[in-house]
Amino acid sequence: MKQQNILIIGAGLCGSLLALRLGQRGYNVTVYEMRPDLRKTDISAGRSINLAFSDRGNKAMKLVGIEDKVNALCIPMNGRMLHDKEGNTFLSNYSGRDHEYINSISRGELNGLLLTEAEKHSNVKIHFNKKCKSVDFENTTATFQDYESKKEFIEDADAIFATDGAGSALRRSYYLERKFLFSFSQDYLTHGYKELSFLPTETGGYKTYKNALHIWPRGDFMVIALPNLDGSFTVTLFLSFDEGEYNFNNLTSPEIVTEFFQKEFPDALELMPNLVEDFFENPTAPLGTVKCSPWHYKGNTLLMGDSAHAIVPFYGQGMNASFEDVVEFDAVIDKHEGDWETIFSEYEKIRKKDTDAIADLAIDNFHEMKGHVGQAIFQEKRKIEMALEREFPNEYSSKYSLVTFNEHIGYREAMLRGRAQDKAILNMLADDVISPSGNMKDILDKVITATEAILEDDRIAGLH
């Protein structure tokens with residue numbers, strides 16, 4: 001069975017990890033990637049240069065045995081550093097437990113490491129500059145075009161995995177062929193994003209505090225910044241395409257862009273002499289959520305990662321969710337190895353409810369980050385949550401901690417419990433039942449009781 005030929009479309013983060021894992025399992029794996037080899041050429045422009053890496057992603061690195069190599073690429077971020085218009089800062093830790101934090105990691109460095117590790121296996125072959133045009137999922141073949149020669153060719157396999165992202169060729173074939181009932185939705189936010197940067201100091205240092213994810217929340221829009229190993233920060237502006245006084249459609253001249261930053265992000269502007277250059281050189285990209293089902297056709301083909309469930313980036317879980325896909329999939333192979341049809345359908349049954357949940361949570365967090373984090377009641381809630389996690393580390397975890405640091409529970413369970421806790425705390429703060437200066441044991445008891453009551457209401461309403 002192990003000599004089966006596996007074809008993977010797409011050598012991004014999910015595809016390269018999947019190739020490595022299936023290679024370790026002894027399958028013959030061939031990967032086709034439409035872009036050049038990122039280890040030899042810089043292809044990052046306009047895509048998130050760094051990403052948030054946390055426990056669910058690390059679980060996958062442990063599975064394939066490269067945890068230490070990946071940790072060497074990480075910069076710990078202990079919390080969110082909030083910046084107001086006057087330049088005041090407020091550090092809000094991600095957890096009351098000191099050992100829980102997220103990391104900033106270079107997309108290119110991590111992807112390159114995964115490719116190199118996969119290629120150490122003689123049964124794994126990776127080909128670049130080969131674009132997938134379509135997939136014949138009934139016959140388990142895929143048509144590719146070589147970017148250089150323009151020649152088309154067909155590849156045959158025992159099973160085809162599509163890890164080719166939000167614009168997946170396999171998903172498009174599922175949709176267009178109409179051979180079975182295929183549900184598909186693609187929802188865009190009214191906001192887009194643009195990559196900017198803080199360059200390092202002349203001595204290669206950091207211009208602002210290194211170990212945090214920086215946020216400039218402004219109600220309808222925001223800027224965030226994540227550190228890189230070379231002293232720079234990748235800065236991202238999230239802004240409406242056409243609403244508000246300033247939007248992507250009317251930021252058309254260096255003067256207007258500079259005026260916008262002077263007015264809204266003066267302390268960030270001081271660190272960005274390169275603002276105008278970055279702004280007009282880098283593309284503006286949309287932000288969308290993809291949901292679809294089924295993810296597979298018989299035992300022939302399977303969508304995985306963003307091709308099955310692309311999400312917006314506001315929970316820092318896109319890459320982690322795709323890596324967790326491979327962990328969950330690997331566990332299903334353990335039970336049903338040799339029977340792709342059962343493996344594919346079981347995997348989707350286990351996984352889809354969780355990827356739907358993180359997609360919804362990411363949109364919730366978008367509204368939270370650009371607006372709510374600056375509100376007094378939200379900051380009071382965070383103070384209470386931090387204190388509860390500090391004093392009762394085994395009894396309480398905030399919604400953020402449940403999602404980000406509790407990799408043993410699924411996203412859906414984390415979402416339902418986390419939302420119920422949020423509702424309980426905010427209701428009690430609004431009604432003056434609890435306050436950050438109260439007795440924490442008393443508050444813990446009240447939060448647990450109120451949370452369980454909300455969860456029970458949800459169960460009765462059929463939300464579980």
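Note that the numbering runs from 1 along the sequence shown for the chain.
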Salt bridge or not for [X] and [Y], using N-O below 4.0 Å?
| X | Y | result |
| --- | --- | --- |
| K207 | E270 | no |
| K263 | E245 | yes |
| E337 | R25 | yes |
| R56 | E407 | no |
| K399 | E385 | no |
| R412 | D354 | no |
| E346 | K335 | no |
| K69 | E109 | no |
| R171 | D164 | no |
| E119 | R39 | yes |

Start with the C-alpha distance between D364 and R419, add both sets of side-chain angles, then the distance that settles salt bridge (Lys or Arg N to Asp or Glu O under 4.0 Å), and finish with yes or no.
CA-CA 10 Å; D364 288 355; R419 281 179 172 173; 2.7 Å; yes
Are the ring centres of F241 and H191 closer than 6.0 Å?
no
[Y] backbone acceptor or donor facing [X] side chain under 3.5 Å:
| X | Y | result |
| --- | --- | --- |
| N93 | G96 | no |
| N406 | S401 | yes |
| D431 | V433 | no |
| N320 | G57 | yes |

Consider only side-chain N and O atoms of [X] and [Y], and report whether a donor and an acceptor are under 3.5 Å apart.
| X | Y | result |
| --- | --- | --- |
| Y101 | S54 | no |
| K194 | T284 | yes |
| E259 | Y246 | yes |
| E389 | S95 | yes |

Quick one: sort the [X] and [Y] rings into parallel, tilted or perpendicular, breaks at 30° and 60°.
| X | Y | answer |
| --- | --- | --- |
| Y27 | W340 | tilted |
| F260 | F265 | perpendicular |
| F314 | F366 | tilted |

Partners of H309 by ring-ring contact (aromatic ring centres under 6.0 Å, His included), sequence neighbours excluded?
W295
Within 45° cone of F323 ring axis and under 6.0 Å: K59 NZ or CZ
no
Pairwise distance CG(N249) to OG(S240) - rounded to 0.5 angstrom
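N249 CG to S240 OG: 8.0 Å, rounded to 0.5 Å.
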